[in-house]
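Following this message is one structure expressed as structure tokens.
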Amino acid sequence: MTTVRTRIAPSPTGDPHVGTAYIALFNLCFARQHGGQFILRIEDTDQVRSTRESEQQIFDALRWLGIEWDEGPDVGGPHGPYRQSERGDIYRRYALELVEKGHAFYCFCTPEELEQMRAEQTARGETPRYDGRGLQLSADEVQRRLAAGEPHVIRMKVPSEGICVVPDLLRGDVEIPWDRMDMQVLMKADGLPTYFLANVVDDHLMGITHVLRGEEWLPSAPKLIKLYEYFGWEQPQLCYMPLLRNPDKSKLSKRKNPTSITFYERMGFLPEAMLNYLGRMGWSMPDEREKFSLADMIEHFDLSRISLGGPIFDLEKLSWLNGQWIRELPVERFAAEVQKWALNPEYLMKIAPLVQGRVETFSQIAPLAGFFFAGALPLEPGLFAHKKLDADQVRQVMQLVLWKLEALRQWDKERLTACIQTVAEHLQLKLRDLMPLMFPAITGQASSVSVLDAMEILGPDLTRFRLRQALETLGGVSKKETKEWEKLLAALG
């Protein structure tokens, strides 16, 4: 009997996302339920956005939750390397095999040509897609242009008519017309693969038997199925999980819900409660009980109990469930968890130097530094009144700083200062003009300990969360303002 092997393949391009943990949890439970293996693979072919810092955050966040893997970049295994950036030669070999078999071809189109082609198609009322012009080149011309070193990609051929039947473990057979598919790029001009080629090659070579992934990938499933067919490989069984949603039913996004796993750790949620809540996203125990452990979920896991309605990620419901877990802890464990969360020596030693020179008695510490041990802060709009900026400009500054900080991958005082400085200079202001807005947003007070030091200690998740909270306190940002201010952001560089 074939051993069940599942995987999670996150991209290390940002904060560790709760959606990643959700898909990882279901893959882990399915594998463990069947006595199989769960693999972690890193999709880091986006050379611009992928970082090792982000990769380590993914490892740390999943382990905090209690999710462990049998094979991966940090634990090794017989199917390595487990980072796609280290598997370039493998992908090139298979891409060339597809070209030789006549299932893929070289395309020498420049970005400008592709843009013009799409513009012309749109003008004619057609769906923009690659028109197959690379297929018109003769073999001699292709060889001449390759020999001349012209930049190129490798694209896969796809049928232009007919239906592809996608067998989904949750939905049954899903029919998707081939005319919706584009001739997908498999190898980019930089010599790295796209998601489609890398996933199929890796899943095959790593012996993956079942792929549980988000339903946003269902519309492009025919391309994956066709690649398996081209290679002559048996495809894994496919399962497209319902997407996590905001309370307004939109796709879960950081604009409306904190999406970073690390945020929930910093806020003082228990990992068991977090896993429990993710497990309840579209799935239920046979006895319908709301509180269950990872071991309970593995024991009773059954794909047929997954509901296809988009599960709502509701912070209030998560907080309620966390409260259930907290109240059932033995008091010694409760005290130990609080200590581990924020009263640990490492965290206190970061705060102590900032507080020591500002207090005359220990009893003054809590009023001065209480924000270090809080999540959301009680904010008054009056705290953000500014001598030089009107209310709209204040919101604009806060939004621009937030966007700059959202893109920041290395979190230290120097880089934080540079982000705020960049916004200030672009708006022809000085750093000291913007700092009075940072104090209330981050500390809840008009003045406190060094706010830049505080931002470094609080970390990216709580800092960004508090800036979003401050923006909401000031009335939020409209869609029109978002579009206008995004242009400003682009100008900031």
Side-chain angles (χ1 to χ4, degrees), residues 2 5-11 23 27 39 41-46 79 81-107 129-132 134-135 142 152-169 171 173-241:
T2 307
R5 285 172 61 84
T6 65
R7 52 79 170 166
I8 183 79
S11 298
I23 297 295
N27 274 282
I39 290 87
R41 187 170 74 221
I42 292 291
E43 290 190 357
D44 58 349
T45 54
D46 184 337
H79 301 280
Y82 292 92
R83 288 186 190 91
Q84 290 186 339
S85 61
E86 297 169 7
R87 296 170 65 83
D89 291 343
I90 298 171
Y91 305 129
R92 272 188 287 280
R93 189 166 78 245
Y94 283 105
L96 292 174
E97 180 185 317
L98 290 176
V99 173
E100 286 162 16
K101 286 179 173 177
H103 300 314
F105 60 96
Y106 294 103
C107 168
R129 57 188 295 177
Y130 182 73
D131 61 7
L135 288 165
V142 168
H152 61 276
V153 300
I154 295 177
R155 290 180 181 270
M156 72 180 286
K157 293 181 183 177
V158 294
S160 56
E161 52 191 35
I163 298 285
C164 178
V165 177
V166 181
D168 179 6
L169 290 171
R171 295 165 185 79
D173 288 348
V174 179
E175 296 189 350
I176 300 177
W178 276 112
D179 63 11
R180 290 186 195 168
M181 296 301 119
D182 208 346
M183 294 186 194
Q184 178 66 46
V185 172
L186 299 178
M187 290 292 283
K188 297 178 285 188
D190 62 7
L192 286 170
T194 60
Y195 163 86
F196 294 91
L197 178 67
N199 255 269
V200 167
V201 169
D202 288 347
D203 283 348
H204 173 71
L205 295 180
M206 293 181 186
I208 301 304
T209 61
H210 294 76
V211 174
L212 283 69
R213 58 159 70 96
E215 67 184 343
E216 73 265 39
W217 293 105
L218 181 55
S220 60
K223 288 186 271 197
L224 297 171
I225 289 171
K226 185 56 73 175
L227 282 174
Y228 278 103
E229 186 186 308
Y230 285 162
F231 283 121
W233 297 337
E234 184 182 347
Q235 72 182 48
Q237 293 195 54
L238 305 173
C239 176
Y240 288 90
M241 296 289 296

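Values in this document were obtained by computation on a predicted structure and should not be read as measured data.
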In Å and rounded to the nearest 0.5 Å, what is the CG to CE distance from L218 to M241? 13.5 Å
Hey, mind stepping through D202 and Y82 against side-chain hydrogen bond (donor to acceptor under 3.5 Å, both in side chains) and telling me if it holds? CA-CA 9 Å; D202 288 347; Y82 292 92; over 6 Å; no
Is any side-chain heavy atom of P167 closer than 4.5 Å to a side-chain heavy atom of Q235? yes
In terms of side-chain geometry, is the basic nitrogen of E97 or K101 positioned less than 4.0 Å from the acidic oxygen of its partner? yes
Stepwise, does the side-chain contact (heavy atoms from CB on, under 4.5 Å) test hold for Q237 with T209? CA-CA 6 Å; Q237 293 195 54; T209 61; over 6 Å; no
Hey, is the main chain of L205 close enough, under 3.5 Å, to the side chain of H79 for a donor-acceptor pair? yes
All heavy atoms of G191 vs all of R92, minimum pair found to be O-NH1, 3.1 Å
Report the relative orientation of the aromatic rings in H204 and W233; use parallel for angles under 30°, tilted for 30 to 60°, perpendicular for over 60°. parallel
Would you please name every residue forming a side chain to side chain contact (heavy atoms under 4.5 Å, CB included) with R129, sequence neighbours left out? Q121, D179, D182
As an exercise, state the distance from CE of M181 to NZ of K223, rounded to the nearest 0.5 Å. 6.0 Å
Determine the minimum heavy-atom distance between L238 and R213, stating which atoms define it. CD2-NH1, 4.3 Å
Separation of L197 CG from Y91 OH (nearest 0.5 Å): 8.0 Å
Which distance, rounded to the nearest 0.5 Å, do you find between the SG of C164 and the CD1 of I225? 4.0 Å
Between T45 (side chain) and L192 (backbone), is there a donor-acceptor pair under 3.5 Å? no
Closest contact, heavy atoms only, I208 versus R5: CG2-O, 3.4 Å
Student check: side-chain heavy atoms of L98 and F231 closer than 4.5 Å: yes
Using the rule given for side-chain contact (heavy atoms from CB on, under 4.5 Å), can you reason through V99 versus I154, listing the C-alpha separation, both sets of side-chain angles and the distance that settles it, and then say yes or no? CA-CA 8 Å; V99 173; I154 295 177; 3.8 Å; yes
For the residue pair A95 and M187, what are the closest heavy atoms and their distance? CB-CG, 3.4 Å
Considering all heavy atoms of both residues, which atom of R155 and which atom of C107 are nearest to each other, and what is their separation? NE-SG, 3.6 Å
For side-chain contact (heavy atoms from CB on, under 4.5 Å), just list the numbers for D203 and Y228, CA-CA rounded to whole Å, side-chain angles, deciding distance to a tenth of an Å, and then say yes or no. CA-CA 10 Å; D203 283 348; Y228 278 103; 3.5 Å; yes
Where do L186 and A104 come nearest, in terms of heavy atoms and distance? CD1-CB, 4.4 Å
Y230 (side chain) donor-acceptor with K157 (main chain) under 3.5 angstrom: yes
OH-CG distance between Y195 and L224, expressed to the nearest 0.5 angstrom: 5.5 Å
Quick check against the 3.5 Å criterion: does R171 have a side-chain atom that pairs as donor or acceptor with the backbone of Y240? yes
Full working for side-chain contact (heavy atoms from CB on, under 4.5 Å) between N199 and E43: CA-CA 9 Å; N199 255 269; E43 290 190 357; 2.7 Å; yes
Whether the side chain of R87 engages the backbone of P81 through a donor-acceptor N/O pair (distance < 3.5 Å, no angle test) should be reported. yes
Side chains of M183 and F105: does their closest heavy-atom pair fall under 4.5 Å? yes
pair R7-M206: side-chain heavy atoms closer than 4.5 Å: no
Got a second to check how far E215's CD is from C239's SG, nearest 0.5 Å? 10.5 Å
